[in-house]
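A short write-up of the structure that comes next.
When a ligand or atom number is given, it counts from 1 through the structure's own listing order.
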Amino acid sequence: MTVFNIGKEGALHLDKQDPLAGYRKRFHLPPNKIYMDGNSLGLLSKDGEESLFKVLDQWKRLGIGGWLDKENPWFYYGEKLGGLQAPLVGAKQDEVIVTGSTTVNLHTLVGTFYQPRGSRTKILADELNFPSDIYALESQINIKNLDPAEHLVLIKSSESRLIEEKDIIASLENMGDEIALILLPSVYYRSGQLLDMELLTAKAHEQGILIGFDCSHSIGAVPHYFDRWGVDFALWCNYKHMNGGPGATASLFVNNIHFTKTPSLAGWWGYRKDRQFDMLLEFEQAYGAGGWQISSPQLLSTAPLEGSLRIFAEAGIDSVREKSLKLTSYLIYLLEEIGLTSTPYNYRVGTPREIKRRGGHVAVEHDNAASINKALKARGIIPDYRPPNIIRLAPIALYNTFHEVWQVVQSLKGIIDVKEHQKYENSRDTIA
Ligand SMILES: *Cc1c(COP(=O)(O)O)cnc(C)c1O
């Protein structure tokens, strides 16, 4: 384990040595706040603002001409940004497309890849995934005229925190011939645990099972190597670590060995681009992940991603990962060394210590998490709260500092020292 200097000067020294420190000024930081919620809604970069203004300006100047504008044709925007995002997931350019929304992409991909046949009728997932994914899986099973109570198998967690790879592998080996598809998150939204996608893909394929991942919490924080690992499909959201803006257009990945599969939710935007405007009634699917597009791209919800992708290309995802791990390791180290994980503070770290099992955020657990979360906000610190007992802290490599992490830890201590949280009810607001 890395040893850190726990004093304020230690934090300032880490900031001075930080090779990514310069990126902070490329972002709009909420004034007088310490923003630790970039895993829920990433901040707007100046680059993203500029790419949004560029599209607005095209609309102003060109009207419908924007679709085929020479400089930035909207007609190919999903393909262009998919190609720019492909390096973040270790994919070929035509295997990634920026389109739709996270849950809709899950529907079309699971609809495509889940083909119950013979004894193989079940979907294997887990009980800690984001609820939207589970609702979508249930409805996909219903669409196939099967009963989710029987055909959706959820792997159990240990203490509602972690899902052990060995438990997933045991389910695979015990029920292999009953499972048609596996869908798992890459990083758990509560605990921040990162699954070993390479291992799980290999084990799924040994049993002849297709596997897909929801990478909403790992994209932009963790490097991925989908082609090397042989992942069949994946999807993710672009408003968390990707800083694409609230409700930003999402992305999906289809391994090119599956390009000949038919999208379950076809639409005209998945048509071969050169013939789309022939407007023929017979669907001719684009060859590539683009074939899974449904509708015209929401240009204004997509454009900030272009600027954001430029920043990722400059900084490099490996450097982002390296700093992210250093930030979260530092956070965990401070919590423990300052004594916050013992009485009278009683915080617990719900995130794995091993760096290869950690995504981009840290789950700090406490029996009074909801009220402490409110006290943090009153102090100008923006974390988020996930029931029943988690304060999520996401120090983001591109715009947070070690000094901010240090200040957050001092506040976690100070709030308990003066019982500041007791001013607030220990319950969540409508949006936590
Ligand atoms: C954030 C997130 C979503 C969000 O779904 P939307 O359709 O974009 O609202 C879905 N699944 C997971 C795992 C997420 O982390």
Cationic N near anionic O, under 4.0 Å, Arg357 to Glu354: yes

Contact list for residues 259-269, test salt bridge (Lys or Arg N to Asp or Glu O under 4.0 Å), sequence neighbours left out: none

Residue shell around ligand 1, heavy atom under 4.0 angstrom: Thr102, Thr103, Asn129, Phe130, Asp133, Asp214, Ser216, His217, Tyr239, Lys240

Electrostatic pair Glu165-Lys203, nearest N-O below 4.0 angstrom: no

Residues Glu173 and Lys166 bridged, charged N to O under 4.0 Å: no

Ile294: partners by side-chain contact (heavy atoms from CB on, under 4.5 Å), with sequence neighbours left out: Val104, Leu265

Contacts of type side-chain hydrogen bond (donor to acceptor under 3.5 Å, both in side chains), residue Glu322, not counting sequence neighbours: none

